[in-house]
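In what follows, a single structure is set out as structure tokens and then discussed.
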Amino acid sequence: MLQVEATALPEVRIITPKRFGDHRGFFSETYSRQAFAEAGITLDFVQDNHSLSAAVGTLRGLHFQAPPFAQDKLIRVPRGRILDVAVDIRASSPHFGKFVAVELSAENWRQMLVPVGFAHGFVTLEPDTEVIYKVSAPYAPEHDRGLAYDDPAIGIDWGLPAEWLTLSDKDRRHPRLAELPRYFA
Ligand SMILES: Cc1cn([C@H]2C[C@H](O)[C@@H](COP(=O)(O)OP(=O)(O)O[C@H]3O[C@H](C)C(=O)[C@H](O)[C@H]3O)O2)c(=O)[nH]c1=O
């Protein structure tokens with residue numbers, strides 16, 4: 001029922017639930033605690049988030065919450081398409097500062113599991129893209145933190161010209177990796 005694929009960052013996984021199509025359309029168990037447990041993934045999600053981004057090139061990120069409100073995230077795209085990015089910000093990780101970028105879309109039905117210790121962000125590749133994601137800790141604005149989306153030390157290619165990108169003011173002002181406090185061991 002569940003396809004789980006590794007990425008270049010072993011803790012970041014791509015999960016593709018089965019989609020049952022018929023003449024009416026489709027049905028899919030987009031999250032199953034049991035199926036995740038059978039795949040060796042036991043996370044306690046406590047909140048679902050849903051965002052709509054109207055313009056192609058809307059970039060939200062790179063975000064994470066600092067402990068003790070750090071969040072695991074399970075991201076999926078019921079409408080549209082995104083380039084989803086996770087950056088390893090665990091100070092002692094051999095992959096510190098490294099990222100993975102994977103296209104998630106309503107068409108490929110892929111989900112990305114981004115664990116605690118990683119910054120997360122995405123850019124939309126189609127208009128009116130909706131992103132739904134589960135998180136394992138509640139929103140804690142005082143622990144909301146960010147990392148610069150365009151830090152040359154990380155080198156993310158968002159796949160779109162800079163002038164196409166739409167960001168919040170907050171997302172234009174995050175620190176670069178070199179200035180980021182080490183929130184995760
Ligand atoms: C994250 C969050 C936000 N909000 C409120 C706070 C603001 O009034 C409004 C927009 O928040 P923000 O601009 O932080 O939303 P995004 O830029 O989409 O942030 C998210 O985008 C990236 C991709 C992430 O991975 C994070 O989960 C999350 O930070 O929603 C809430 O009420 N609860 C929440 O959990």
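Not measured: the values here are computed from a predicted model. For ligands, and for the atoms within them, numbers begin at 1 and follow the listed sequence. All values below were derived from every heavy atom in this structure, side-chain atoms included, with hydrogens, water molecules and symmetry-related copies excluded.
Two rings, from Phe99 and Phe118, have their centers 6.0 Å or more apart. Ring-centre distance between Phe26 and Trp109: below the 6.0 Å cut-off.
Cation-pi geometry between Lys18 and Phe20 is met: the NZ or CZ atom falls under 6.0 Å from the ring centre, inside 45° of the normal.
Using a cut-off of 4.0 Å between Lys/Arg side-chain N and Asp/Glu carboxylate O, Arg81 and Glu103 are scored as salt-bridged.
Exactly one residue among Ile75, Ile14, Leu43 makes a side-chain contact (heavy atoms from CB on, under 4.5 Å) with Leu113. That residue is Leu43.
Near ligand 1, heavy-atom contacts under 4.0 Å come from Gln47, Asn49, Arg60, His63, Lys73, His120, Phe122, Tyr133, Tyr139, Lys170.
Counting only residues at least two apart or on different chains, the salt bridge (charged side-chain N to carboxylate O under 4.0 Å, His left out) pairs with a member in residues 152-180 are Asp144-Lys170.
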